[in-house]
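Inspection log for the structure reproduced underneath, given as structure tokens.
Values below: all heavy atoms of this structure, side chains included; hydrogens, waters and symmetry mates excluded.
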Amino acid sequence: MSVQRPLQLLTKRASPSHLQHVPRIWQPARTFATPGMVVPPVTQNNTSAKGPTAMVFMNMGGPATTDEVSGFLSRLFADADLIPLGPLQNYLGPLISRRRTPKIKKQYANIGGGSPIRKWSEYQAEEMCKILDQTNPQTAPHKPYVAFRYANPLTEEMYGRLLEDGFGNGRGGRAVAFTQYPQYSCSTTGSSLNELWKWRQRMESPTRNQNLEAAEAEGSIKWSVIDRWPTHSGLIDAFAENITAALETYPKGIRDSVVLVYSAHSLPMSVVNRGDPYPAEVAATVWAVQQRLGFKNAYRLSWQSQVGPSAWLGAQTSDTVNNFIKKGQKDLVLIPIAFTSDHIETLFEIDQEVIHEANELGAEGRVRRAESLNGSPTFIKALANLASEHLANDEVCSRQMGLRCPGCKNERCLASKKFFMGQGVQDNAALTL
């Protein structure tokens with residue numbers, strides 16, 4: 001296959017939109033990116049023999065300004081865990097990122113000049129740590145950190161901050177890698193953990209860093225991992241609240257006939273076919289939310305953000321919505337079920353592409369989106385409850401963490417799992433090679 005055809009498909013023009021759908025009832029209202037925003041500092045009041053504890057939120061991240069788009073895309077397309085391009089990855093990745101940069105810059109300009117994911121991630125982490133200081137004084141103070149895979153603050157920047165703040169370098173200390181992907185995928189959480197392991201080896205392993213003294217290597221950071229939480233009750237409550245608020249924007253007489261369309265980021269079928277757990281875990285989240293809602297509304301699970309000409313998991317969200325509209329089902333609520341805050345996939349792809357196209361097909365503003373979790377107090381309490389239990393039980397990771405995909409041949413993935421699972425003793429965790 002020639003390179004030109006895939007690149008044409010990859011740079012397919014997006015549909016512009018100036019339409020807005022019905023305002024949300026739920027507060028706080030949707031907020032676009034605000035680069036340079038200063039979030040109020042966290043007050044750490046508690047101290048303990050086991051503290052401090054670093055709580056590291058991991059996510060893919062997003063460019064805070066349009067000037068950061070190029071670097072973001074370069075790192076994203078270089079990651080074979082997320083977008084496998086085969087033996088030509090080092091050639092095709094930079095080529096595709098350069099071709100897509102102008103288009104993606106325009107998309108970020110259309111949502112306020114950048115992604116709000118850093119703002120929301122820092123806010124969520126800080127608010128969670130405030131709660132943990134009260135509920136888990138034995139591991140306080142809890143210090144919030146954010147580590148993005150493809151945007152600032154990158155994993156290596158976060159690790160440097162940990163060392164500067166007194167963790168590691170002979171002083172020990174505990175850190176929790178807390179994925180903000182509720183459903184595990186080797187392409188998302190797996191990739192972030194591989195990156196974290198890589199920088200840990202470079203900065204704290206005496207075999208990789210010859211400048212480390214023996215005492216420094218012995219007193220390295222002790223890591224544990226919250227690697228998945230697809231059916232956590234607090235997460236389900238938060239989704240259900242936002243869906244209920246969206247349904248209440250429809251007249252009461254038609255509310256039960258609104259179809260719920262859950263949308264998650266898609267995966268290449270090559271990743272799915274090697275046994276990645278993500279599709280099953282997303283489906284588990286959807287089922288749990290439907291149970292919480294009492295199955296009052298019909299629903300479908302769809303997938304978005306396909307990149308490139310290769311086969312990806314479907315049906316695609318845009319096709320799903322369009323097909324419903326063509327068949328006369330115009331009352332739809334879109335739910336971003338695999339995202340914990342707004343970013344380009346919600347603010348542009350759903351709001352300005354999918355919903356705009358639905359309106360062009362005659363939806364008449366009846367296709368709407370449930371709010372993202374963002375600053376939801378219910379969601380932040382869920383994060384705190386999940387982290388509190390993890391800390392109180394001295395957990396290392398989930399049992400599933402040790403089960404590799406049946407078709408996995410990634411030696412870095414194996415080494416990463418061995419490292420994190422070797423950070424403590426846990427009866428219910430066992431590595432399966």
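- Residues M128 and I131 fail the side-chain proximity criterion, which asks for heavy atoms closer than 4.5 Å.
- To the nearest 0.5 angstrom, C129 atom SG is 9.5 Å from Y145 atom OH.
- Proximity of a side-chain donor or acceptor of R202 to a complementary backbone N or O of E156 within less than 3.5 Å is not detected.
- Comment: R161 does not engage E157 in a salt bridge, judged by the lack of any side-chain N to carboxylate O separation of less than 4.0 angstrom.
- Under a 4.0 Å N-O distance rule, the pair D81/R149 does not qualify as a salt bridge.
- No more than 12 heavy atoms of other residues, nucleotides or ligands sit less than 6.0 Å from atom CH2 of W287.
- Tested against D79, the residues S191, S187, S192 include a single side-chain hydrogen bond (donor to acceptor under 3.5 Å, both in side chains) partner, S191.
- In this structure, S372 and P336 approach most closely via the heavy-atom pair OG-CG, 3.9 Å.
- In this structure, F57 CZ and R118 CZ are separated by 14.5 Å, a value rounded to the nearest 0.5 Å.
- Here the closest heavy-atom approach between residue K105 and residue T66 is recorded as CE-O, 3.3 Å.
- Between D133 and P141, the closest heavy-atom pair is OD1-CA, 3.6 Å.
- Residues F379 and L235 have side chains in contact (heavy-atom distance under 4.5 Å, counting atoms from C-beta outward).
- Between T135 and S388 the shortest heavy-atom distance is OG1-OG, 4.0 Å.
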Is there a salt bridge (Lys or Arg N to Asp or Glu O under 4.0 Å) between D394 and R174 once you walk through the steps?
CA-CA 11 Å; D394 205 24; R174 179 178 185 179; 3.3 Å; yes

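- The distance from the OG atom of S70 to the CZ atom of R75 is 9.0 Å, given to the nearest 0.5 Å.
- When side chains are defined from C-beta on, E195 does not count as touching L154, because their heavy atoms never get closer than 4.5 Å.
- The local environment of CZ in R412 is crowded, with over 12 non-hydrogen atoms from other residues, nucleotides or ligands closer than 6.0 Å.
- E389 places no side-chain N or O within 3.5 Å of a backbone atom of N385 that could act as its donor or acceptor partner.
- The aromatic ring centroids of W223 and F167 lie 6.0 Å or more from each other.
- With rounding to the nearest 0.5 angstrom, the CE atom of M58 is 8.5 Å from the CG atom of D227.
- Nearest heavy atoms, G375 versus W120: N-CZ3, 3.4 Å.
- With respect to L76, the side-chain contact (heavy atoms from CB on, under 4.5 Å) criterion is satisfied by exactly one of I83, I96, V307: I83.
- For the pair R200 and W197, the NZ or CZ position fails the cation-pi test of under 6.0 Å to the six-membered ring centre and within 45 degrees of the ring normal.
- Here the options are N59, T188, T189, the test is side-chain hydrogen bond (donor to acceptor under 3.5 Å, both in side chains), and the partner is T179; only T189 passes.
- A side-chain contact (heavy atoms from CB on, under 4.5 Å) with V289 is found for one member of N242, T231, I243 and no other, namely I243.
- Within 6.0 Å of atom CG in N90, 12 or fewer heavy atoms from other residues, nucleotides or ligands are found, so the atom counts as exposed in its surroundings.
- The shortest heavy-atom contact between P182 and E281 is O-OE1, 4.3 Å.
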